[in-house]
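Notes follow the structure.
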Amino acid sequence: MAEFIDEGFCVIRPIFNDQGVGVDYTFLEVNRRFETETGLRQAIGRRMYELAPAHEPFWAEPTDASRKPGADQIRASGRGTGPLV
C-alpha cells in the first residue's frame with residue numbers, strides 16, 4: 001500500500017524507556033519516496049538512531065495522545081526537512 005502513496009511514508013514502532021518516554025523507533029514499513037526524501041536506505045527493521053545517530057530527539061518523543069488507551073497511530077509531517085543522513 002505504501003508504494004502507491006506519492007509522498008514519503010513510513011510506519012514505525014516507538015521504543016520507550018523505563019519512564020515511558022519515547023527514545024527511538026523501529027521502521028516497520030517505508031516507501032521509495034520516503035527513501036528518496038530522507039536518504040535512509042534499507043530502513044525496514046532498523047532503529048532510527050542506528051541509521052542517523054544525530055537525528056533530533058523530538059521525533060522519538062511521541063505525543064501524549066499516542067499513549068492513551070486505544071491509540072495506535074502517531075502522525076507527524078517532516079515535509080521539507082530534506083535528507084536525514
Side-chain angles (χ1 to χ4, degrees):
M1 169 117 167
E3 288 302 318
F4 298 105
I5 299 172
D6 63 357
E7 295 182 358
F9 175 84
C10 68
V11 176
I12 62 168
R13 175 179 294 127
I15 300 169
F16 300 98
N17 67 14
D18 292 339
Q19 291 76 38
V21 176
V23 294
D24 204 346
Y25 46 91
T26 301
F27 290 97
L28 303 179
E29 184 177 357
V30 302
N31 65 2
R32 287 185 191 157
R33 184 71 179 256
F34 173 86
E35 291 182 340
T36 300
E37 291 179 3
T38 64
L40 298 175
R41 303 284 186 254
Q42 300 177 346
I44 296 173
R46 297 173 71 190
R47 293 170 35 163
M48 181 63 202
Y49 290 101
E50 170 189 353
L51 296 166
H55 190 58
E56 300 91 347
F58 164 81
W59 293 104
E61 300 170 356
T63 65
D64 288 336
S66 70
R67 293 187 221 162
K68 291 181 180 174
D72 62 356
Q73 295 184 26
I74 301 168
R75 293 184 180 263
S77 174
R79 180 175 286 190
T81 59
L84 299 174
V85 291

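For clarity, every value in this text was computed on a predicted model and none was experimentally measured.
Closest approach of Leu51 to Leu40, counting heavy atoms only: CB-CD2, 3.8 Å. The minimum heavy-atom distance linking Phe34 with Phe9 is given by the pair CB-O, 3.4 Å. Residues Asn31 and Glu7 approach most closely at ND2-O, 2.9 Å, considering heavy atoms. Taking each heavy atom of Ala43 and Val30 in turn, the nearest pair found is CB-CG1, 4.4 Å.
Between Glu50 and Asp24, every side-chain heavy-atom pair lies at or beyond the 4.5 Å cut-off. No side-chain heavy atom of Phe27 sits under 4.5 Å from any side-chain heavy atom of Arg46.
Classified by interplanar angle (parallel below 30°, tilted 30° to 60°, perpendicular above 60°), the ring pair His55/Tyr49 is tilted.
If you take CZ on Arg41 and OG1 on Thr36, they are separated by 5.5 Å, rounding to the nearest 0.5 Å.
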